[in-house]
Amino acid sequence: MKRFIIADDHSIVRRGIREIIQDAYPEARIEEAGDAETLLHLVSQQPPDLVITDLSMPGRSGLDAIQQIRQMHPRLPVIVLSMYPEDQYAVRALKSGASGYLNKETAPDELVNAVRQVLQGKKYITGAVAEKLYGLLTTGSQPPYQLLSDREFEVFKQIAGGKSISQIAEQLSLSATTISTYRARILEKLDLKTNADLTRYAMEMQLL
């Protein structure tokens, strides 16, 4: 009997994913997690056959969770199901160890195919992700924001979206000092000066 773990901080999303998976795998045992820490706890207790996870959850990010899962169980397949566009996070997720990446808008049509493919030990990427990867390989160049670490990119997007240092610190369970340090690194790497510059840059790169 297959065992799946669905991780998302919205119960209605978890319910929808569960229904899609249960239709395809009626005998499967499906467990749910509302945050990354619960997901990691479930995985550490008994590795499932597959994890389906969001990236944006309270506390530790989905990317952090994927990296931790990869350390615990290198062959455990993980599918990322996110609201973020593929061109923003798909490559990061795959580099972190994910087996596939899907945007939530396309999930109902593609999720079962993705599950079947990764359970066979394969990767699952959409045409948009394949095009992005091909572009990186052929041009060898990437925009400056792609040089940010996963955590820096996460903080960058939240600052650009108008959140304060204290709000970001609370959401990521980090200190305000740590977030301020990330902000300084981000500004330096992007050669920018202010939060307004970050917002403007994010809009120019279609990241907001």
- Message: Suppose we call two aromatic rings close when their centres sit under 6.0 Å apart. Are Phe156 and Tyr182 close by that rule?
- Response: no

- Item | Side chains of Gln45 and His41, donor plus acceptor under 3.5 Å | yes

- Message: One thing to verify: whether Arg151 and Asp64 come together as a salt bridge, which I'm taking to mean a side-chain N less than 4.0 angstrom from a carboxylate O.
- Response: yes

- Message: Do the side chains of Arg18 and Glu32 get close enough for a salt bridge, i.e. N-O under 4.0 angstrom?
- Response: yes

- Message: Gln171 vs Lys163, test: side-chain hydrogen bond (donor to acceptor under 3.5 Å, both in side chains). Steps then yes/no.
- Response: CA-CA 10 Å; Gln171 180 171 339; Lys163 288 191 176 180; 2.7 Å; yes

- Between Arg92 and Asp150, is the closest basic N to carboxylate O distance under 4.0 Å? yes

- Any chance you could lay out the side-chain hydrogen bond (donor to acceptor under 3.5 Å, both in side chains) test for Thr181 and Thr178, step after step, and finish with the verdict? CA-CA 5 Å; Thr181 299; Thr178 299; 5.9 Å; no

- Starting at CG of Asp54, measure out to CG of Leu39 and round the result to the nearest 0.5 Å. 11.0 Å

- Message: Any salt bridge linking Asp8 with Arg15? Criterion: basic side-chain nitrogen under 4.0 Å from a carboxylate oxygen.
- Response: no

- Does Glu188 come within less than 4.0 Å of Arg185, counting only side-chain N to carboxylate O? no

- Task: Indicate, with yes or no, if the rings of Tyr89 and Phe153 have centres closer together than 6.0 Å.
- Result: yes

- Query: Got a donor-acceptor contact below 3.5 angstrom from the Ser61 side chain to the Met57 backbone?
  - Reply: no

- Task: Kindly compute the distance separating CD1 (Ile125) from CD (Gln117), expressed to the nearest 0.5 Å.
- Result: 9.0 Å

- Query: Between the side chains of Ser166 and Ser164, does any donor sit under 3.5 Å from an acceptor?
  - Reply: yes

- Message: Does Lys123, at its NZ atom, have more than 12 non-hydrogen atoms belonging to other residues, nucleotides or ligands within less than 6.0 Å?
- Response: yes

